[in-house]
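What follows is a set of notes on a single structure, which appears directly below.
Basis for what follows: all heavy atoms, side chains included, without hydrogens, waters or symmetry-related copies. Letters A, B, ... mirror the listed sequences (proteins, then strands); counts begin at 1.
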Protein chains: 2
Amino acid sequence: MERSLKEHFEQTLQEVSIDCAIFGFHAGELKILLLRWKGTDGWSLPGGRIYKEESTDDAANRILKERTGLTDIFLQQYYTFGNANRLTHLSKQDLMELLELALGKDYFHDKINRRVVSIGYFALVEFDQVQATADWYTDEFRWWEIPDVPKLLFDHNEMVVRALHALRQQIRNQPVGYNLLPEKFTMPELQRLYETILDKQFDRRNFQKLLVSYDILEKLDEKRTGGANKSPFLYRFNKSKYEKAMIDGVSFAM
Amino acid sequence: MERSLKEHFEQTLQEVSIDCAIFGFHAGELKILLLRWKGTDGWSLPGGRIYKEESTDDAANRILKERTGLTDIFLQQYYTFGNANRLTHLSKQDLMELLELALGKDYFHDKINRRVVSIGYFALVEFDQVQATADWYTDEFRWWEIPDVPKLLFDHNEMVVRALHALRQQIRNQPVGYNLLPEKFTMPELQRLYETILDKQFDRRNFQKLLVSYDILEKLDEKRTGGANKSPFLYRFNKSKYEKAMIDGVSFAM
DNA sequence: CCAAAAGTGTTCTACCTACACCCATGG
DNA sequence: CCATGGGTGTAGGTAGAACACTTTTGG
């Protein structure tokens with residue numbers, strides 16, 4: 001293990017890494033996947049290294065697959081974090097102890113002293129499809145609701161803020177939902193997704209009109225039963241129309 | 001020179017660099033500053049290295065200052081280029097010859113074999129204020145109109161395209177012009193700036209109404225004489241209101 | 001039968017768009 | 001005096017915002 005890890009490190013870039021903000025939607029809430037570092041209570045975004053022969057986009061997709069099992073996911077670069085001192089709320093002393101616990105003696109000195117620029121990607125995933133797996137230096141993964149995200153290691157809190165901002169920009173110019181919702185969903189579910197991401201309430205009727213006008217949804221002959229109320233229709237995305245709308249752009253002006 | 005260059009290299013990151021798309025506005029046209037590599041006809045964007053103790057933003061500002069003499073300029077990261085093989089239109093053979101000519105024997109092998117991720121920044125500068133200076137590996141700088149930009153080295157044509165796209169996005173959500181125009185300018189000049197950036201014509205009266213509505217302009221008691229027509233009023237930006245609008249955002253919906 | 005939530009259509013308003021006439025300047 | 005381009009205001013259209021009543025479902 002240690003040996004292959006060392007070999008892995010030597011085949012990767014030393015000054016550039018990737019950190020992924022992986023967003024999921026569950027129980028009407030937007031959540032983000034965080035990892036807890038081995039034997040510590042320090043949390044961070046899932047991240048990884050870039051092989052020397054690999055593009056950064058490919059590396060981000062690989063890292064996403066390693067952590068969630070998912071491929072063909074909406075994944076987008078949003079910002080590159082290049083502060084010389086990528087701060088943490090911990091003192092240098094505490095950070096060193098934490099890193100030594102999680103990484104072992106061989107790596108923590110390297111990690112704390114090396115100047116690394118991190119390319120931030122964000123992903124939107126279907127919550128129930130995710131088979132999350134911890135990293136070699138972490139022993140727990142967990143979905144956190146955005147307002148509950150704790151103080152994170154390094155500059156990862158800033159990363160979450162910027163990723164969320166990028167997601168909000170995104171949703172105003174491109175349709176969102178294909179990768180965040182199950183195949184079939186109701187209009188109120190889609191609305192709650194938009195409301196959660198944008199932290200804003202919309203009028204039910206206007207929302208429906210606007211989304212239908214994009215011409216990316218197929219209304220199905222099924223309804224979701226179970227609630228003590230009128231059963232809503234199920235919809236699904238028309239994949240080709242959805243992809244066209246991703247390229248051409250839409251205007252979510254609410 | 002060679003010695004200090006080597007020392008400079010050793011104090012910088014080896015796997016990350018910065019390339020700047022520097023836009024200026026002159027004679028009613030949007031232009032971009034390009035450099036020609038020594039003794040060759042290969043052109044590229046101005047770029048530079050990042051010192052180990054320096055943030056990427058600081059490095060970008062330093063590089064901008066080195067090439068243009070300007071400080072306190074609108075400068076923004078727009079994308080990080082991380083393809084493993086950052087293509088050029090030249091064959092590897094031709095590229096090697098070109099690099100050897102420009103960089104000298106000591107550096108070209110390094111340059112061609114090293115995997116480097118480049119962080120793209122774009123800047124908006126006041127054309128007449130620029131005192132452009134060539135780099136150590138270039139012997140000519142020149143402003144190019146966007147449609148005339150030739151085939152560039154590496155992936156720099158893609159960089160120009162993405163920078164322009166980012167600039168166009170920018171202008172729809174934030175006011176633009178403070179750094180691209182001289183202190184005093186007329187409404188038609190400002191309009192031509194917008195028209196050039198967005199490659200679109202606007203109605204004179206509607207444009208004026210919209211820009212005035214942002215409440216970032218001061219109308220002066222001076223006019224620009226010299227044209228064979230009615231003298232237009234001069235305006236200038238109210239700096240504090242402009243900066244507030246940069247933060248709060250505006251909507252340029254034309 | 002009642003509470004909860006979804007289905008549907010119309011009116012109002014505000015902002016963007018289109019448009020015309022007069023005036024100053026230089027040649 | 002004429003050509004060029006700038007100064008200004010108004011009317012119309014479109015798309016977003018506001019809004020109510022009826023229907024279905026489970027308890």
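Residues Lys223(A) and Phe233(B) each lie close to DNA chain D; by heavy-atom proximity, the contact nearer the 5' end of the strand is made by Phe233(B). Between Asp203(A) and Pro232(A), the residue anchored nearer the 5' end of DNA chain C, judged by the nucleotide with its closest heavy atom, is Pro232(A).
With rounding to whole Å, Leu210(A) atom CG is found 10 Å from dA15(D) atom C1'. The distance between atom CD of Glu189(A) and atom C1' of dA6(C), rounded to the nearest whole Å, is 13 Å. Here the P atom of nucleotide dA6(C) and the CZ atom of Arg192(A) are 6 Å apart, to the nearest Å. The interatomic distance linking Arg224(A) (CZ) with dG7(C) (P) rounds to 12 Å, in whole Å. In this structure, Asn229(A) places its CG atom 16 Å from C1' of dC1(C), rounding to the nearest Å. Between Gln201(B) atom CD and dC16(C) atom C1' the separation is 18 Å, expressed in whole Å. When rounded to the nearest whole Å, the span between CD of Glu195(A) and C1' of dA5(C) equals 14 Å. If you measure from atom OH of Tyr235(B) to atom P of dG7(D), you get 6 Å, rounded to the nearest angstrom.
Note: Phe237(A) and Phe185(A) meet the aromatic proximity criterion, with ring centroids under 6.0 Å apart. Taking the six-membered ring wherever Trp is involved, the centroid distance between the rings of Phe154(B) and Phe81(B) does not fall below 6.0 Å.
Remark: side-chain polar atoms of Glu183(A) are not paired, donor with acceptor, to backbone N or O of Arg236(A) under 3.5 angstrom. Between the side chain of Arg172(B) and the backbone N or O of Ala253(B) there is no donor-acceptor pair closer than 3.5 Å.
Across all strands, Lys209(B) comes closer than 4.0 Å to base atoms (heavy-atom distances). Within the nucleic acid shown, Met254(B) comes within 4.0 Å of sugar-phosphate atoms alone, with no base atom in reach, counting heavy atoms only.
For dA18(C), the base has a donor-acceptor partner in the side chain of Asn206(B) [N/O atoms by modelled type, under 3.5 angstrom]. With hydrogens and angles ignored, a donor-acceptor pair under 3.5 angstrom links the side chain of Arg204(A) to the base of dG7(C). Taking only distance into account, the side chain of Arg205(A) meets the base of dA20(D) through a donor-acceptor pair shorter than 3.5 Å.
If you check dG26(C), dC16(C), dT8(C) against the side chain of Ala228(B), the one that comes closest is dG26(C). Here dC16(C) is the nucleotide among dC16(C), dT23(D), dT25(C) with the atom lying nearest to any side-chain atom of Ala253(B).
Under 4.0 Å is where a charged nitrogen must lie from a carboxylate oxygen, and between Arg36(B) and Asp41(B) no such pair does.
The shortest distance between the side-chain N/O atoms of Lys219(B) and the OP1/OP2 oxygens of dT8(D) is below 4.0 Å.
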